[in-house]
Amino acid sequence: MSRRRSNRVRNSKAVPAPPAPVTIIEDIEEDEYETHRSCWKHVAYLNSRDSKPKLTKEEFELFKLTSPCLYEECTRRERSRRRVKCKYLVSKLRKKLDSNVFINYLEVLWKKDVLDKKNNSFVYVDCLWFSMYKSENERVRSNVFESIKAKQIFSKEYVFLPIVYWSHWTLLIFCNFGEHLDDDNDKTCMLFLDSLKTTGTAQQLQPDIRKFVLDIFRIEGRSEDSSLVNDIPLHAPDVPQQTNDVECGSFVLYYIHRFIENSCDFNTNEYPSFLKVDWFSHKDLEDFCNAFDSLGAIR
């Protein structure tokens with residue numbers, strides 16, 4: 001026969017409990033009173049949300065006496081910023097990045113590698129501009145061209161254009177676009193860096209890239225013949241490749257970082273120069289991602 005719990009209150013003498021030690025709460029925020037499920041302040045929060053209180057005033061006062069809030073009696077400190085090192089812990093940067101997260105990372109990278117060092121040889125353009133250009137909407141295209149003109153890309157030695165298309169990140173670099181396009185010009189070129197080269201993205205996007213570049217020359221008022229613009233070399237070097245389907249964004253960021261570091265050694269006459277499969281190792285990329293996470297700049 002199963003035993004049933006008795007509803008009668010036993011008249012046993014209550015033994016006073018020893019005072020509880022002061023508890024340290026690390027992860028609680030100042031505005032999280034409503035998350036105290038057993039506290040009267042949580043009930044007050046719920047009652048304030050409804051037009052009809054769930055408890056009467058007498059019931060609420062009784063609950064307030066029997067369920068006090070001990071939050072003010074607890075010693076609190078800020079959440080620890082110490083990184084947990086674990087071989088199974090994956091950096092946020094090595095996960096699939098959407099455009100907003102990518103831009104946040106790129107801004108931090110740019111400040112560290114370019115702005116703080118006052119290097120005026122580089123500029124980057126928004127990662128959505130190429131996709132917006134392909135939209136065939138004239139108003140959208142006009143906004144893209146106005147933004148490009150503000151970047152003054154022809155005054156820079158290298159222009160970085162991250163491209164996200166078909167949910168895949170690649171990097172297009174305009175090299176020495178300020179040089180006049182003539183028979184003696186061997187400096188101006190384009191570099192297309194793809195961490196998943198087997199997909200053939202460079203070949204598929206090449207017609208749109210050349211049309212995009214031709215329109216850039218046109219809106220900037222350059223006098224070169226369109227045939228010269230179309231003859232600008234577009235190189236797709238064999239660079240380090242990703243080993244899964246989510247790291248393309250982190251590879252593009254690291255391409256930018258390493259190219260800025262090695263740009264003084266880049267020479268189109270010696271192409272591909274340092275742009276090779278052994279340009280960097282996967283361990284280098286992992287250290288780069290972990291260093292970004294340790295900065296605490298991206299949440």
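In this text, all values refer to a predicted model and were calculated from it rather than measured experimentally.
From Asp215, atom CG reaches atom OH of Tyr133 across 3.5 Å, with rounding to the nearest 0.5 Å.
Looking only at distances, no side-chain donor or acceptor of Glu270 sits under 3.5 Å from a matching main-chain atom of Thr268. Looking at Asp284, its side chain does come within 3.5 Å of a backbone N or O of Ser281 through a donor-acceptor pair.
Looking at Thr188 and Asn185, their side chains do bring a donor and an acceptor atom within 3.5 Å of each other. At a cut-off of 3.5 Å, with distance as the only test, no side-chain donor of Ser135 or Asn137 sits close to an acceptor on the other residue.
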- Candidate pair His257 and Phe288, rule ring-ring contact (aromatic ring centres under 6.0 Å, His included), full reasoning: CA-CA 9 Å; His257 171 70; Phe288 169 77; 5.2 Å; yes
- Check the pair Tyr105, Leu109 against side-chain contact (heavy atoms from CB on, under 4.5 Å), reporting the backbone distance first and the verdict last. CA-CA 6 Å; Tyr105 275 114; Leu109 170 66; over 6 Å; no
- Could you walk me through whether Val239 and Lys197 pass the side-chain contact (heavy atoms from CB on, under 4.5 Å) check? CA-CA 9 Å; Val239 290; Lys197 200 173 179 181; over 6 Å; no
Donor-acceptor pairs are to be reported for all side-chain atoms of residues 148-161 against protein atoms at under 3.5 Å, with residues two or more places apart or in another chain.
from	atom 1	to	atom 2	distance (Å)
Lys151	NZ	Tyr124	O	3.2
Ser155	OG	Gln152	O	2.7
Lys156	NZ	Asn120	O	3.4

Validation: residues 166-179 side-chain donor-acceptor distances under 3.5 Å, sequence neighbours left out:
from	atom 1	to	atom 2	distance (Å)
His168	NE2	Asp194	OD1	2.7
Trp169	NE1	Leu97	O	3.0
Asn176	ND2	Lys187	O	3.1

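Annotation: salt bridge (Lys or Arg N to Asp or Glu O under 4.0 Å) contacts of Asp231 (sequence neighbours excluded): none. For Trp129, there are no ring pair (Phe, Tyr, Trp, His ring centres under 6.0 Å) partners two or more places apart in sequence or in a different chain. The salt bridge (Lys or Arg N to Asp or Glu O under 4.0 Å) search around Asp182 returns none, not counting sequence neighbours.
The ring pair (Phe, Tyr, Trp, His ring centres under 6.0 Å) test with Trp279 singles out one residue from Tyr254, Phe266, Phe251, Phe274, and that residue is Phe274.
Note: the hydrophobic cluster containing Tyr165 also contains Leu253 (ILVMFWY, side chain heavy atoms under 4.5 Å, direct or indirect links).
For the pair Arg222 and Glu224, the salt-bridge criterion is met [side-chain N within less than 4.0 Å of a carboxylate O].
For the salt bridge (Lys or Arg N to Asp or Glu O under 4.0 Å) condition, the pairs that include at least one residue of residues 201-210, sequence neighbours left out, are Lys134-Asp208.
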